[in-house]
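In what follows, a structure is listed as structure tokens, so that the remarks can point back to it.
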Amino acid sequence: MPALRRVHDAGLVAAVLTNGDSAHQGRKLERVGLTDHLDVVVASDDLPAGKPDPRAYAAACEVLGVAPGDVLMVGNDLEKDYQGPLDAGLGAVLLDRHDRHPEVAGRIRTLDRVLNGGLGPAG
């Protein structure tokens, strides 16, 4: 939640792009207390394709009303949350809490780095 608060404090939009079912993911996010900290939840069952298909990221950007180059995707899946977004023209950072992907230059070990350590949409 602190990372999401920093996103909002910076005047940015906080969104989730998930391959899960929209109703199920909505309940899950509500149960863990994240719903009030998110502006948008985009689920693949509402899109033409799921991650890592480039159409999923393009459709999510359209829902958000932003250009892909203005988005920073932060996630823990190497293919779906890092390489897929990069291939689709988004910025991406891999959340690698357990140091499983030391070869990835764009990785962080903690969400404390999001907008709190120079990590944001432009860097």
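Bear in mind that the values here come from a model prediction, so they are computed numbers and not experimental data.
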| query | Taking only residues two or more places apart in sequence or in another chain, which ones pass salt bridge (Lys or Arg N to Asp or Glu O under 4.0 Å) with Arg107? | reply |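 Scan of Arg107 (salt bridge (Lys or Arg N to Asp or Glu O under 4.0 Å), adjacent residues dropped) gives Asp96, Asp99.
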[X]-[Y] co-clustered via ILVMFWY side chain contacts under 4.5 Å:
X: Val13; Y: Met1; answer: no
X: Leu94; Y: Leu90; answer: no
X: Val16; Y: Tyr82; answer: no
X: Leu17; Y: Leu29; answer: no
X: Leu34; Y: Val41; answer: yes

Please find the pair of heavy atoms, one from [X] and one from [Y], that lie closest to each other, and give the distance.
X: Ala59; Y: Pro48; value: CB-CD, 3.9 Å
X: Lys80; Y: Tyr57; value: O-OH, 2.5 Å
X: Gly20; Y: Ala43; value: O-CB, 3.4 Å
X: Ala3; Y: Val114; value: CB-CB, 4.3 Å
X: Pro85; Y: Gly91; value: CB-O, 4.4 Å

Does [X] reach the side chain of [Y], with side-chain heavy atoms less than 4.5 Å apart?
X: Gln25; Y: Asn19; value: no
X: Leu12; Y: Leu115; value: yes
X: His8; Y: Asp39; value: yes

So, using side-chain contact (heavy atoms from CB on, under 4.5 Å) as the criterion, who are the partners of [X] when residues are at least two apart?
X: Val40; answer: Ala15, Val42, Val63, Leu64
X: Pro54; answer: Ala88
X: Asp87; answer: Gln83

| Inter- and intrachain pairs under salt bridge (charged side-chain N to carboxylate O under 4.0 Å, His left out), touching residues 46-56, at least two apart |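 Salt bridge (charged side-chain N to carboxylate O under 4.0 Å, His left out) check on residues 46-56 returns Lys51-Asp81, Asp53-Arg55.
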| query | If you measure from CG on Asn76 to NE2 on His101, what distance do you get to the nearest 0.5 Å? | reply | 9.0 Å
| task | Only counting residues at least two apart or in another chain, list the ones meeting side-chain hydrogen bond (donor to acceptor under 3.5 Å, both in side chains) with Asp77. | result |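 Residues passing side-chain hydrogen bond (donor to acceptor under 3.5 Å, both in side chains) with Asp77: none at all.
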